Amino acid sequence: MNDEKIIVPLDVPDLESAIALVDKLPQVSFWKVGLELFTSTGPAILDVLKSRQKRIFLDLKFHDIPNTVAAACRAAAGYGVDLLTIHATCGNDCLTAAAEAVLVGAEKVGTKPPNLIAITVLTSISARDLAFDLKIPLELPEFALEMALLAKNAGLNGAVCSPQEVAQLRECCGEDFLLVCPGVRPSWAEKGDQKRSLSPAQAVEAGADFLVIGRPITAAADPVLAWDKICEEVDVGK
Ligand SMILES: O=C(O)c1cc(=O)[nH]c(=O)n1[C@@H]1O[C@H](COP(=O)(O)O)[C@@H](O)[C@H]1O
């Protein structure tokens, strides 16, 4: 089984619903806490997950000036989480300051620093959105690669990208650069707002270290069955 590659987001509004979801899926070893839940519960949810020996992806997607982002990264690193996100479009100075800040923040409390990973291009953005709304003059795969390289050169540990770009990023950024892919959809699941998806097997085959898969599992009529089906698919893609 290759189920440790799958991260399930706790995209729920409060602590009670989060605990209910964690209890419903005891097989899941890696959970993501994102903007909705962290804004609602603060670090209380992290304590719950740690007390159950779960790995934690704290997905706060920082995006601000270097001084502000570095301070936020120092604070977040003190929680002892496994993964932490920042937008690559913060720019080089910000990414460099953030990479340094997680080390300082973790050391201050004597914990392991999180792997700091950069959002390249959100998986809800299409090539059309990038060109016409955001006015980025590069092709989407090229822009995603540039953002990953910016992050790598600034000393980050990895990037978040869609499964459609992961093969190219793996080739250019090397084996040690963590690549985390949301926007993963089994053939039987709704795409929702995800615009650049591939199946779990395809994403793993293309070189993803981790897949973030939410609604196909959490909104399924039978989440345990959906989890089992996805684990089988991930094994096929190995
Ligand atoms: O950083 C993320 O995790 C993330 C980046 C991205 O580009 N796209 C993306 O969907 N995500 C997150 O991945 C999860 C995807 O959830 P589902 O679309 O329900 O599978 C959500 O919690 C998003 O916040």
Side-chain angles (χ1 to χ4, degrees), residues 5-13 17-18 21-22 25 28 30-41 45 49 55-63 69 72-73 76 81-90 95 98 114-127 129-130 134 136 140-141 143-145 147-148 151 156-166 169 178-200 202-204 208-221 223 226-227 229-231 233-234:
K5 274 187 178 292
I6 305 173
I7 302 174
V8 181
L10 279 167
D11 288 337
V12 293
S17 323
L21 190 51
V22 172
L25 287 162
V28 176
F30 209 154
W31 288 97
K32 180 169 88 82
V33 175
L35 292 171
E36 179 187 13
L37 187 59
F38 197 77
T39 303
S40 157
T41 70
I45 179 60
L49 291 170
R55 285 191 290 166
I56 304 173
F57 173 5
L58 184 56
D59 178 28
L60 298 181
K61 293 194 178 68
F62 294 136
H63 194 180
V69 166
C73 283
V81 297
D82 298 277
L83 294 174
L84 179 69
T85 44
I86 174 173
H87 279 280
T89 49
C90 284
L95 294 169
N115 281 306
L116 185 63
I117 58 175
I119 309 295
T120 53
V121 180
L122 289 169
T123 56
S124 53
I125 299 283
S126 67
D129 299 334
L130 193 77
L134 304 183
I136 303 288
L140 196 151
F143 184 63
L145 177 59
M147 292 303 98
L156 270 69
N157 310 101
V160 179
C161 63
S162 101
Q164 295 187 8
E165 292 104 49
V166 72
L169 266 58
L178 274 177
L179 292 172
V180 177
C181 289
V184 176
R185 288 290 182 266
S187 56
W188 42 267
E190 298 282 334
K191 289 222 169 23
D193 49 3
Q194 299 290 358
K195 294 194 183 150
R196 306 196 318 282
S197 57
L198 288 181
S199 73
Q202 288 170 320
V204 170
D209 291 301
F210 292 104
L211 313 181
V212 180
I213 310 181
R215 287 164 289 184
I217 298 168
T218 57
W227 165 263
K229 276 165 70 179
I230 288 173
C231 288
E233 282 198 42
V234 168

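No experiment lies behind these values; they were computed from the predicted model shown. For ligands, and for the atoms within them, numbers begin at 1 and follow the listed sequence.
Looking from atom 5 (C) of ligand 1 to the surrounding protein, the closest heavy atom is P182 CG, 3.5 Å. Of all protein heavy atoms, the one closest to atom 1 (O) of ligand 1 is K61 NZ, 3.0 Å. Q194 NE2, 2.8 Å is the protein heavy atom nearest to atom 10 (O) of ligand 1. Closest protein heavy atom to atom 23 (C) of ligand 1: K32 NZ, 3.8 Å.
Between the side chain of S40 and the backbone N or O of P13, at least one donor-acceptor pair lies under 3.5 Å. For the pair T85 (side chain) and L60 (backbone), a donor-acceptor distance under 3.5 Å is present. Between the side chain of N157 and the backbone N or O of I117, no donor-acceptor pair lies under 3.5 Å.
Residue D193 places no N or O, backbone or side chain, under 3.5 Å from any N or O of ligand 1. Of the N or O atoms in V184, none lie within a sub-3.5 Å distance of an N or O in ligand 1.
Nearest residue to atom 3 (O) of ligand 1 from I125, L10, I7, D59 is D59 (criterion: closest heavy atom). Considering only non-hydrogen atoms, atom 7 (O) of ligand 1 lies nearest to T123 out of V180, T123, I213.
Each of the atoms 6 (C), 7 (O) of ligand 1 lies under 4.0 Å from some heavy atom of L122. Contact atoms of ligand 1 toward R185: 17 (P), 18 (O), 19 (O), 20 (O) (distance under 4.0 Å to a heavy atom of the residue). Each of the atoms 1 (O) of ligand 1 lies under 4.0 Å from some heavy atom of I119. Proximity to R215 (heavy-atom distance under 4.0 Å) selects the following atoms of ligand 1: 17 (P), 18 (O), 19 (O), 20 (O). Those atoms of ligand 1 with a heavy atom of V212 less than 4.0 angstrom away are 13 (O), 14 (C). Near D11, the atoms of ligand 1 lying under 4.0 angstrom from a non-hydrogen atom of the residue are 21 (C), 22 (O). Of all atoms in ligand 1, listed by their number and element, those nearer than 4.0 Å to a heavy atom of V160 are 5 (C).
Taking the six-membered ring where the residue is Trp, F30 and F210 present perpendicular rings, their angle passing 60° and hence far from 30°.
For the pair H87 and L95, the tightest heavy-atom approach, listed with the atom from each and the gap, is O-CD2, 4.0 Å. Residues P216 and I230 share a closest heavy-atom pair of CB-CD1, 4.3 Å.
Considering only residues two or more places apart in sequence or on other chains, D11 meets the salt bridge (charged side-chain N to carboxylate O under 4.0 Å, His left out) condition with none of them. Contacts of K61 classified as salt bridge (charged side-chain N to carboxylate O under 4.0 Å, His left out), with partners at least two apart in sequence or in another chain: D59.
Rounded to the nearest 0.5 angstrom, R185 CZ and R215 CZ are separated by 5.5 Å. Distance CZ/R55 to CG/L49: 12.5 Å, rounded to 0.5 Å.
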